[in-house]
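A quick write-up on the structure given underneath.
All residue numbers refer to positions in the sequence shown, counting from 1.
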Amino acid sequence: MAFNGFAADLTVAEAARLKAAPDVVNVFEDRIHTAGTSAFPGLSGVNGVWQKHFGGEADAGAGMIIGLIDLGFWPEHPSFAAMPEPRPDAAAIAAKWRGVAYAARPLR
């Protein structure tokens, strides 16, 4: 799944006008989500993963190795490379596209 968008500091009225625009799919309020607790992802508690699958928190995660999760990306990675033209999925994209494409301008 891919999500394209931008961040903007808007008033409630401005956000409502933007959301009503025909080319806008949705407007989301910025929220801070933290993962600094085992309750956030549903690990702990009576209905948590640790209780359901490991018999409680005492031995949950025993023997596991947790690695670093890198949330960054590398734009030069081949997975971001342009597809050959003509694209084999051009018709499917054209059928769904509701936006406007603008040519990139070099920064001055």
Side-chain angles (χ1 to χ4, degrees):
M1 175 193 303
F3 183 86
N4 292 310
F6 64 93
D9 189 11
L10 304 173
T11 66
V12 172
E14 291 168 331
R17 276 200 317 272
L18 182 61
K19 189 172 186 173
D23 294 334
V24 175
V25 175
N26 209 336
V27 174
F28 301 97
E29 182 179 358
D30 187 22
R31 293 186 209 127
I32 297 175
H33 297 279
T34 61
T37 173
S38 59
F40 170 71
L43 299 175
S44 60
V46 177
N47 293 317
V49 172
W50 289 338
Q51 185 62 41
K52 287 183 178 180
H53 299 284
F54 300 101
E57 297 181 27
D59 293 322
M64 296 181 123
I65 298 172
I66 306 297
L68 173 68
I69 300 173
D70 182 7
L71 300 178
F73 66 95
W74 180 41
E76 293 82 11
H77 190 276
S79 65
F80 291 105
M83 292 182 68
E85 295 289 340
R87 287 180 58 127
D89 57 350
I93 292 171
K96 296 180 201 176
W97 179 252
R98 295 181 4 190
V100 177
Y102 298 97
R105 295 185 318 223
L107 297 175
R108 296 177 193 193

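Between Gly45 and Gln51, the closest heavy-atom pair is O-CB, 3.6 Å.
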Compile the donor-acceptor pairs under 3.5 Å between side chains in residues 5-21 and protein atoms, sequence neighbours left out, one pair per line.
from  : atom 1 : to    : atom 2 : distance (Å)
Thr11 : OG1    : Glu14 : N      : 3.0
Thr11 : OG1    : Glu14 : OE1    : 3.4
Glu14 : OE1    : Thr11 : N      : 2.8

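Arg87 places no side-chain N or O within 3.5 Å of a backbone atom of Ala82 that could act as its donor or acceptor partner.
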